[in-house]
Peer 1: 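Sharing a structure, written as structure tokens. Questions coming.
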Amino acid sequence: MLKFLIYLIFLIPLCFLFNSWWMVQSMLFLLCFLFMFSMSNMFYWSNLSYLFGVDLISFGLILLSLWICVLMLMASEFIFRYDYYNNFFLFIMIVLTIMLYCTFSSLSLFSFYLFFEGSLIPTLFLILGWGYQPERLQAGIYLLFYTLLASLPLLIGMFFIYNCLGLLYIPLFMNCICINNYILFYLCMIMAFLVSMPMFLVHLWLPKAHVEAPVSGSMILAGVLLKLGGYGMLRVFMILITFYKFNYILISISLVGGMIVSLICMRQTDLKSLIAYSSVAHMGMVIGGLMTLNYWGFCGSFILMIAHGLCSSGLFCLVNISYERLSSRSLLINKGLMGFMPSMTMWWFLLSSCNMAAPPSLNLLGEISLLNSLIGWSWLTMYTLIFLSFFSAAYTLYMYSYSQHGMYYSGIYSCSLGYSREYLLLFLHWFPLNLMILNSDIVSFWL
């Protein structure tokens with residue numbers, strides 16, 4: 001694992017060379033390619049070096065992080081073209097990639113916590129430095145305080161584990177009898193991840209951060225930072241297995257919250273805000289599946305995290321492509337795009353259909369696994385899941401039909417079918433999302 005980390009660290013000086021934007025991007029593509037070959041088909045930890053190693057869960061999420069980081073550079077060409085502090089932007093990007101890489105490959109719970117918190121700082125810089133509206137300061141504060149406040153109890157919980165077990169080494173975790181009865185410990189360990197996911201009731205920072213962030217910030221927030229919470233929960237439930245009797249409260253909040261958020265999506269006029277709220281609805285299902293603590297739930301949540309990372313990120317790219325042409329994200333102005341950019345409509349359709357879990361996308365596989373898991377846990381969840389699935393299709397169709405059909409805004413003074421860079425960017429989101437279902441045993445049979 002260190003060889004890839006050193007590769008990333010040595011990219012930092014390249015960021016400050018003149019005109020090195022595409023070179024850094026090509027080097028990151030090469031890293032993705034090399035990392036793919038390091039995959040082991042075994043179900044145990046491999047590639048061990050110092051405090052880093054991968055198993056199949058962290059392998060998938062590291063690959064997703066590297067992939068989304070490359071595509072962020074491709075989507076942010078606007079920064080390079082207008083020389084909008086592009087060297088510093090590259091530097092922030094590489095630091096963020098290093099943080100995410102270290103988070104997912106940490107073997108110690110403490111180093112996981114360290115990098116988990118560290119990845120917030122480059123994201124904050126992205127929002128504050130390259131965001132669009134003056135409210136980005138408030139969005140940055142929201143992001144920082146929500147996540148930091150919930151993460152402090154996690155640190156105390158980890159000290160408590162160390163006191164009980166004498167170790168914080170993830171592969172050696174086992175159920176510890178001395179921490180069976182402490183509900184406060186359960187809340188400490190899990191709250192940071194629920195805010196990071198985010199669960200309904202602690203989700204307010206997410207739409208705010210998304211709306212104010214630049215396209216790269218939105219992509220990394222939706223694509224990877226929401227997955228940190230899911231990954232943390234997958235790891236921590238190895239200790240919290242005896243607390244399953246409290247999980248029904250959180251499952252209920254997540255599923256009912258997902259349903260309410262789906263209704264909120266139906267009345268959004270800001271495209272970015274709509275996609276951000278849809279993330280909360282999807283993550284509600286993931287939390288529900290994880291909390292059932294069964295095989296289908298764990299596999300389904302992992303699959304849906306990968307699928308949602310690619311799908312949401314692609315939708316944010318599409319919104320940004322429209323925003324660069326029309327200087328607005330409002331659905332009242334982004335109308336009739338089929339007449340304005342007909343070729344782009346196909347990509348709107350493909351990524352929207354993935355968002356509502358149409359076959360052959362990976363979202364479908366994830367949602368079917370989660371439906372299995374939740375209905376197997378209690379058939380009462382069926383009532384919320386029916387509405388969740390229906391409204392998920394409803395708000396996606398609302399977004400697609402409103403933005404593509406109708407008369408386009410008469411104030412448009414440009415005509416552009418899109419650059420080949422943008423089509424390549426969307427293809428690189430959509431292709432793995434639909435190709436991976438052919439080899440779904442890698443993402444689903446890892447327990």
Peer 1: Does the side-chain contact (heavy atoms from CB on, under 4.5 Å) test come out yes or no for Tyr409 and Leu326, once each step is laid out?
Peer 2: CA-CA 9 Å; Tyr409 173 57; Leu326 307 176; 5.8 Å; no
Peer 1: Would one find more than 12 heavy atoms of other residues, nucleotides or ligands at under 6.0 Å from atom OH of Tyr142?
Peer 2: no
Peer 1: Hey, what do you get for CH2 (Trp21) to CG (Asp83), rounding to the nearest 0.5 Å?
Peer 2: 10.0 Å
Peer 1: Are the side chains of Arg235 and Phe112 in contact, using a 4.5 Å heavy-atom criterion?
Peer 2: no
Peer 1: So which heavy atom on Ser369 is nearest to which on Gly300, and how close?
Peer 2: CB-CA, 3.4 Å
Peer 1: Any side-chain heavy atom of Leu225 sitting closer than 4.5 Å to one from Ser119?
Peer 2: yes
Peer 1: For the backbone of Leu14 and the side chain of Ser20, can you confirm whether one donor and one acceptor N or O come within less than 3.5 Å of each other?
Peer 2: yes
Peer 1: Report the distance from atom CD1 of Ile220 to atom CG of Leu126, rounding to the nearest 0.5 Å.
Peer 2: 8.5 Å
Peer 1: Would you check, one step at a time, whether the test side-chain hydrogen bond (donor to acceptor under 3.5 Å, both in side chains) holds for Ser58 with Asp55?
Peer 2: CA-CA 6 Å; Ser58 44; Asp55 64 350; 2.9 Å; yes
Peer 1: May I ask you to test the Met219-His429 pair for a side-chain heavy-atom distance under 4.5 Å?
Peer 2: yes
Peer 1: Please check: side-chain N/O of Ser273 versus main-chain N/O of Asp270, any donor-acceptor pairing under 3.5 Å?
Peer 2: no
Peer 1: Could you tell me whether Trp296 atom CH2 has more than 12 heavy atoms of other residues or ligands within 6.0 Å of it?
Peer 2: no
Peer 1: Less than 4.5 Å apart, side chain to side chain, heavy atoms only: is that true for Glu77 and Glu324?
Peer 2: no
Peer 1: For Gln268, is there any backbone N or O sitting under 3.5 Å from a side-chain donor or acceptor partner on Tyr395?
Peer 2: no
Peer 1: Verify, without hydrogens or angle tests, whether Trp67 (side chain) and Leu428 (backbone) share a donor-acceptor contact under 3.5 angstrom.
Peer 2: yes
Peer 1: Looking at Ser106 and Ser111, what are the two nearest heavy atoms and their distance?
Peer 2: OG-OG, 3.2 Å
Peer 1: Looking only at heavy atoms, what is the nearest atom pair of Cys354 and Ser361, with distance?
Peer 2: SG-CB, 3.7 Å
Peer 1: Say you draw a straight line from CZ of Phe4 to CZ of Phe52; how long is it, rounded to the nearest 0.5 Å?
Peer 2: 13.5 Å
Peer 1: Search all heavy atoms of Gly418 against all heavy atoms of Met344 and return the closest pair with its distance.
Peer 2: CA-CE, 4.3 Å
Peer 1: Within the structure provided, determine whether Leu5 and Cys102 are in side-chain contact (heavy-atom separation under 4.5 Å).
Peer 2: yes
Peer 1: Measure the acute angle between the ring planes of Phe427 and Trp430, then classify it against the limits of 30° and 60° as parallel, tilted or perpendicular.
Peer 2: tilted
Peer 1: Taking the side chain as every heavy atom from C-beta outward, state whether Tyr146 and Leu204 have any pair of such atoms under 4.5 Å apart.
Peer 2: yes
Peer 1: Let me see the working for Phe59 and Asn47 under side-chain contact (heavy atoms from CB on, under 4.5 Å), right down to the final yes or no.
Peer 2: CA-CA 10 Å; Phe59 179 84; Asn47 285 353; over 6 Å; no
Peer 1: Applying the ring-ring contact (aromatic ring centres under 6.0 Å, His included) test to Phe80, which of Tyr85, Phe89, Trp22 qualifies?
Peer 2: Trp22
Peer 1: Scan Phe29, Phe37, Phe35 and name whichever one has a ring-ring contact (aromatic ring centres under 6.0 Å, His included) with Phe33.
Peer 2: Phe37
Peer 1: Using the rule given for side-chain contact (heavy atoms from CB on, under 4.5 Å), can you reason through Tyr400 versus Thr345, listing the C-alpha separation, both sets of side-chain angles and the distance that settles it, and then say yes or no?
Peer 2: CA-CA 9 Å; Tyr400 175 75; Thr345 301; 3.5 Å; yes
Peer 1: Using only atom types and a distance under 3.5 Å, with no angle test, would you say the side chain of Asn87 pairs donor to acceptor with the backbone of Leu17?
Peer 2: yes
Peer 1: Let me confirm one number: the CZ-OG distance from Arg329 to Ser403, rounded to the nearest 0.5 Å.
Peer 2: 14.5 Å
Peer 1: Could you go through Phe237 and Ile190, starting from their C-alpha distance and side-chain angles, then the distance that decides it, and tell me whether this counts as side-chain contact (heavy atoms from CB on, under 4.5 Å)?
Peer 2: CA-CA 9 Å; Phe237 265 118; Ile190 221 159; 3.4 Å; yes
Peer 1: I'd like to know if the side chain of Ser218 reaches the main chain of His210, judged simply by a donor and an acceptor atom lying under 3.5 Å from each other, with no hydrogens or angles considered.
Peer 2: yes
Peer 1: Using only atom types and a distance under 3.5 Å, with no angle test, would you say the side chain of Ser312 pairs donor to acceptor with the backbone of Gly309?
Peer 2: no
Peer 1: If we ignore angles and hydrogens, is there a donor and acceptor under 3.5 Å between the side chains of His405 and Ser401?
Peer 2: no
Peer 1: Compute both the distance and the angle, then confirm whether Arg267 meets the cation-pi test with Phe391: under 6.0 Å from the six-membered ring centre, within 45 degrees of the axis.
Peer 2: no
Peer 1: With a 3.5 Å distance limit and no angle check, can you tell me whether Lys227 reaches the backbone of Ala222 through a side-chain donor-acceptor pair?
Peer 2: yes
Peer 1: For residues Ile321 and Leu426, determine if any side-chain heavy atom of one lies less than 4.5 Å from a side-chain heavy atom of the other.
Peer 2: yes
Peer 1: Checking Asn355 side chain against Cys311 main chain: does a donor-acceptor pair fall under 3.5 Å?
Peer 2: no
Peer 1: Might you point out which heavy atoms bring Ala75 and Cys317 nearest each other, and give the distance in Å?
Peer 2: CB-SG, 4.2 Å
Peer 1: With a cut-off of 6.0 Å (strictly less than), are more than 12 heavy atoms of other residues, nucleotides or ligands near OH of Tyr7?
Peer 2: yes
Peer 1: Given Tyr132 and Tyr323, is the ring pair (Phe, Tyr, Trp, His ring centres under 6.0 Å) satisfied, shown in steps?
Peer 2: CA-CA 11 Å; Tyr132 297 123; Tyr323 179 74; 4.9 Å; yes
Peer 1: Measure the CG-CG distance between Asn434 and Leu362 for me, rounded to the nearest 0.5 Å.
Peer 2: 8.5 Å
Peer 1: According to the interplanar angle, ranging from 0 to 90°, do the rings of Phe104 and Tyr231 count as parallel (below 30°), tilted (30 to 60°) or perpendicular (above 60°)?
Peer 2: perpendicular
Peer 1: State whether the number of non-hydrogen atoms from other residues, nucleotides or ligands found under 6.0 Å of Phe390 atom CZ is greater than 12.
Peer 2: no
Peer 1: Which atom names give the shortest non-hydrogen contact between Ser76 and Ser216, and what distance separates them?
Peer 2: OG-CB, 3.4 Å
Peer 1: Nearest 0.5 Å please: distance from the CG atom of Leu226 over to the NE2 atom of His203.
Peer 2: 12.5 Å
Peer 1: Please confirm whether the backbone N or O of Phe193 pairs with a side-chain atom of Ser196, one donor and one acceptor, at under 3.5 Å?
Peer 2: no
Peer 1: Can you find a pair of side-chain heavy atoms, one from Leu228 and one from Leu61, that are under 4.5 Å apart?
Peer 2: no
Peer 1: Does the ring pair (Phe, Tyr, Trp, His ring centres under 6.0 Å) test come out yes or no for Tyr82 and Phe78, once each step is laid out?
Peer 2: CA-CA 6 Å; Tyr82 293 106; Phe78 197 77; 4.9 Å; yes
